**Q** 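Quick one: structure below, then a few questions.
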Amino acid sequence: MTFKSHMDAALTEARAAADRGEVPVGAVLIGPDGEIVARAGNRTREMNDPTAHAEVLAIREACAALGSERLTGHDLYVTLEPCPMCAAAISFARIRRLYYAASDPKSGGVAQGARIFAHPQCHHAPEVYDGIAAPEAEDLLKAFFNARRG
């Protein structure tokens, strides 16, 4: 099977989040058949919910659609390295592979900071691939925060 990145779909969700005034992070969940089963962008401000990160929303949507709390065989694409909360949710959902674009030195929980998947208490660690479309994701984040500061 040929690898097909779905990061463009995640970037589309991130742009939509930015248009709503949210931090531009987008995520898509891919089923074992290679099709998108859920997509989301950050909605923490809109929903007044600190857990409404793109990854958590996509996981919730996919689990509801499948009628299961486990997403075995599913892959997640996200435009920013997941925070510790999202990394834990990815582990709990038993997601097979995590692909992310930009690293997050301040709040990341995969390769930075807490490194959730490296803990002995972590029940499941997905395969992790980083840096996919990182320049596009970084540019989107920088533009968003520069506009806020400007």
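Because only heavy atoms are used, hydrogens play no part in the values below, and waters and symmetry mates are left out as well, while side chains stay in. Being a predicted model, the structure only gives us computed values, none of them experimental.
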**Q** Rounded to the nearest 0.5 Å, what separation is found between the OH atom of Tyr77 and the CG atom of Asp8?
**A**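 Separation between the atoms: 10.5 Å.
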**Q** Are the side chain of His53 and the backbone of Pro82 linked by a donor-acceptor contact shorter than 3.5 Å?
**A**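 No: the side chain of His53 does not pair with the backbone of Pro82.
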**Q** Ignoring hydrogens, what is the shortest heavy-atom contact between His119 and Arg115? Give both atom names and the distance.
**A**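 For His119 versus Arg115, the nearest heavy atoms are CD2-O, 3.2 Å.
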**Q** Consider side chain to side chain contact (heavy atoms under 4.5 Å, CB included). Of Leu140, Thr44, Leu80, which one does Val25 pass it with?
**A**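 Single side chain to side chain contact (heavy atoms under 4.5 Å, CB included) partner of Val25 among Leu140, Thr44, Leu80: Leu80.
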**Q** Could you walk me through whether Glu55 and Leu76 satisfy the side chain to side chain contact (heavy atoms under 4.5 Å, CB included) test, starting with their C-alpha distance in whole Å, then the side-chain angles of each, then the deciding distance to 0.1 Å, before giving a yes or no?
**A** CA-CA 8 Å; Glu55 303 94 318; Leu76 178 66; 4.1 Å; yes
**Q** Can you measure from OG1 (Thr12) to CE (Met7) and round to the nearest 0.5 angstrom?
**A**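 Atom-to-atom, Thr12:OG1 and Met7:CE are 11.5 Å apart.
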**Q** Would you check if the side chain of Glu22 reaches a backbone N or O of Glu46 as a donor-acceptor pair within less than 3.5 Å?
**A**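 Pair found, side chain donor or acceptor close to backbone of Glu46.
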**Q** Taking Ala54's backbone N and O only, do any of them form a donor-acceptor pair with Asn42's side chain (distance below 3.5 Å, no angle check)?
**A**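 Side chain of Asn42 to backbone of Ala54, a donor-acceptor pair under 3.5 Å: yes, one is there.
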**Q** Examine distances only and state if a side-chain atom of Thr79 and a backbone atom of Gly26 form a donor-acceptor pair shorter than 3.5 Å.
**A**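 Yes.
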**Q** Do you know which two heavy atoms are closest between Cys63 and Ser68, and how far apart they sit?
**A**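 Closest approach of Cys63 to Ser68: CB-O, 2.9 Å.
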**Q** Distance check, rounded to the nearest 0.5 Å: Ser107 atom OG versus Met85 atom CE?
**A**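 Between atom OG of Ser107 and atom CE of Met85 there are 11.0 Å.
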**Q** What residues, two or more places apart in sequence or in another chain, satisfy side chain to side chain donor-acceptor pair (under 3.5 Å) together with Thr51?
**A**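 Per chain and number, Thr51 pairs via side chain to side chain donor-acceptor pair (under 3.5 Å) with Asp49, Arg60.
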**Q** Is there a donor-acceptor contact under 3.5 Å from the side chain of Arg45 to the main chain of Gly21?
**A**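 Yes; at least one donor-acceptor contact below 3.5 Å.
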**Q** Is there a path of hydrophobic side-chain contacts, each under 4.5 Å between heavy atoms of I, L, V, M, F, W or Y residues, that connects Leu71 with Ile116?
**A**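 Yes.
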**Q** Are Tyr100 and Phe144 connected in a single hydrophobic cluster, I mean Ile/Leu/Val/Met/Phe/Trp/Tyr linked by side-chain heavy atoms less than 4.5 Å apart?
**A**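 Yes; Tyr100 is reachable from Phe144 via cluster members.
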**Q** What is the distance from atom NE2 of His6 to atom CD1 of Ile132, rounded to the nearest 0.5 Å?
**A**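 Answer for the NE2-CD1 pair, His6 versus Ile132, is 10.5 Å.
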**Q** Using atom types as modelled and distance alone, determine if a side-chain donor or acceptor of Glu81 lies under 3.5 Å from a backbone N or O of Ala111.
**A**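 It does hold such a pair.
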**Q** Treating Gln112 as the side-chain partner and Ser103 as the backbone partner, does any N or O pair qualify as donor plus acceptor under 3.5 Å?
**A**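 No, the answer is negative, given that no donor and acceptor are paired below the 3.5 Å cut-off.
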**Q** With a 4.5 Å cut-off on side-chain heavy-atom distances among I, L, V, M, F, W and Y, is there a chain of contacts connecting Leu11 to Ile30?
**A**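 Same cluster: Leu11 reaches Ile30 through Ile, Leu, Val, Met, Phe, Trp or Tyr contacts under 4.5 Å.
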**Q** Quick check: closest heavy atoms across Gly109 and Ala87, and the distance to 0.1 Å?
**A**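 Heavy atoms only, the tightest pair is O-CB, 4.1 Å.
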**Q** Drop me the distance from Ile59's CD1 to His74's NE2, to the nearest 0.5 angstrom.
**A**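 It comes to 11.0 Å.
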**Q** Measuring from atom NE2 of His123 to atom CZ of Phe117, what distance do you get when rounded to the nearest 0.5 angstrom?
**A**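 Output value for this atom pair is 13.5 Å.
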**Q** Which atoms form the tightest heavy-atom contact between Ala125 and Cys122, and what is the distance?
**A**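 What the structure gives for the nearest pair is N-SG, 4.3 Å.
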**Q** I'd like to know if Val110 and Leu29 are part of one continuous hydrophobic network [Ile/Leu/Val/Met/Phe/Trp/Tyr, side-chain heavy atoms within less than 4.5 Å].
**A**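 Yes: a chain of side-chain contacts under 4.5 Å links Leu29 to Val110.
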**Q** Output a table of donor-acceptor pairs, distance under 3.5 Å, between side-chain atoms of residues 92-99 and any protein atom two or more places apart or on a different chain; print 'none' if there are none.
**A**
{"unit_1": "Arg94", "atom_1": "NH1", "unit_2": "Ser91", "atom_2": "O", "d": "3.3"}
{"unit_1": "Arg94", "atom_1": "NH1", "unit_2": "Phe92", "atom_2": "O", "d": "3.4"}
{"unit_1": "Arg96", "atom_1": "NE", "unit_2": "Asp75", "atom_2": "OD1", "d": "2.9"}
{"unit_1": "Arg96", "atom_1": "NH2", "unit_2": "Gly73", "atom_2": "O", "d": "3.1"}
{"unit_1": "Arg96", "atom_1": "NH2", "unit_2": "Asp75", "atom_2": "OD1", "d": "3.4"}
{"unit_1": "Arg96", "atom_1": "NH2", "unit_2": "Asp75", "atom_2": "OD2", "d": "3.2"}
{"unit_1": "Arg97", "atom_1": "NE", "unit_2": "Glu127", "atom_2": "OE1", "d": "3.4"}
{"unit_1": "Arg97", "atom_1": "NH1", "unit_2": "Asp75", "atom_2": "OD2", "d": "3.3"}

**Q** Nearest heavy-atom pair of Ala40 and Leu57: which atoms, and what distance?
**A**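 So the minimum-distance heavy-atom pair works out to CB-CB, 3.6 Å.
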